[in-house]
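The next block holds one structure in the form of structure tokens; read it before the comments.
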Amino acid sequence: MTLYEKITTLYTELTDADFMPDSGTIMLQNDSDGKGDYIREWNHPTLAKPTQEQLDGVQ
Amino acid sequence: MTIAIKPTASGSTIEQNGSTILTVDGSGNIAIANDLSVTGSSPLPSGPAFSAYMSSSQSLTTITLTKVQFNTEDFDTDNCFDTSTYRFTPNVAGYYQVNGILTLIGTSGTAWVMYLYKNGSVIQNIGNQRSSGGEGGPSGSALVYMNGTTDYLEMYTLVVATSPSIYAASSVFNKFQAHLVRAA
């Protein structure tokens, strides 16, 4: 399961628009350095940035 | 050989063996009829230029900004492009023309975007295709100032689709290029 899928499973109210760099408040990034996807920015006005434990718990 | 300088109605010409080789108009503009060679410093830019592409396809995650892995060079005049970090770090300060094109594929795609990063942050959305389907081909260019020491450029992409990837069957599908157009 990708990071995007885990976050949208935790917060079902999020839409694709929330992740778009031009208009959203959440930015996911992968620097092609072998470290994988990560949350670069989380500025959502009401939803808290998920913890690593929360993300790890998503099946 | 004969050389003649002749006045015209609004300027003058220089002729060699009866043929005009240089014309000066009334505003002082100079037109040269044949090839021009320069001994010494050339007025034309000779700074870094590179062109890189991908030798293989790259898998992506939907709606995740991902650095494009340009791992092969067409040319790199000053060894300023790194094919392991995919960064262009020019060694001459000035203004650089940057070009990019990507071939992106996926299922039920809705957005295919290409971003230019400078020093790790987005500075320009240089290709933005918001069309539905299974393929997108954003392309674009930018003009960027680089300090010639620490500034670096990278290309990122973002796709909204199921199972997206960058298609790279040959060198023609994806390019990242830049060259100096004006020294600082």
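A, B, ... follow the sequence lines: proteins, then strands. Residue 1 opens every chain. Predicted, not measured: the structure shown is a model, and the values here were computed from it.
If you tally non-hydrogen atom pairs under 4.5 Å between each of A:Leu3, A:Ile26, A:Asp37, A:Asp33 and chain B, the highest count goes to A:Asp37. Note: B:Ile63 leads B:Thr66, B:Val68, B:Ile63 in heavy-atom pairs under 4.5 Å with chain A.
Heavy atoms of B:Leu158 lying under 4.5 Å from chain A belong exclusively to its side chain. Heavy-atom distances place no part of B:Ser59 under 4.5 Å from chain A, backbone and side chain included.
Between the side chains of B:Asn71 and B:Ser55, at least one donor N or O sits under 3.5 Å from an acceptor N or O.
The aromatic ring centres of B:Phe176 and B:Phe70 sit less than 6.0 Å apart.
Under the side-chain hydrogen bond (donor to acceptor under 3.5 Å, both in side chains) test applied with A:Ser32, the options B:Lys67, B:Glu154, B:Gln69 reduce to a single match, B:Gln69.
Taking the six-membered ring where the residue is Trp, A:Tyr11 and A:Trp42 present tilted rings, their angle falling between 30° and 60°.
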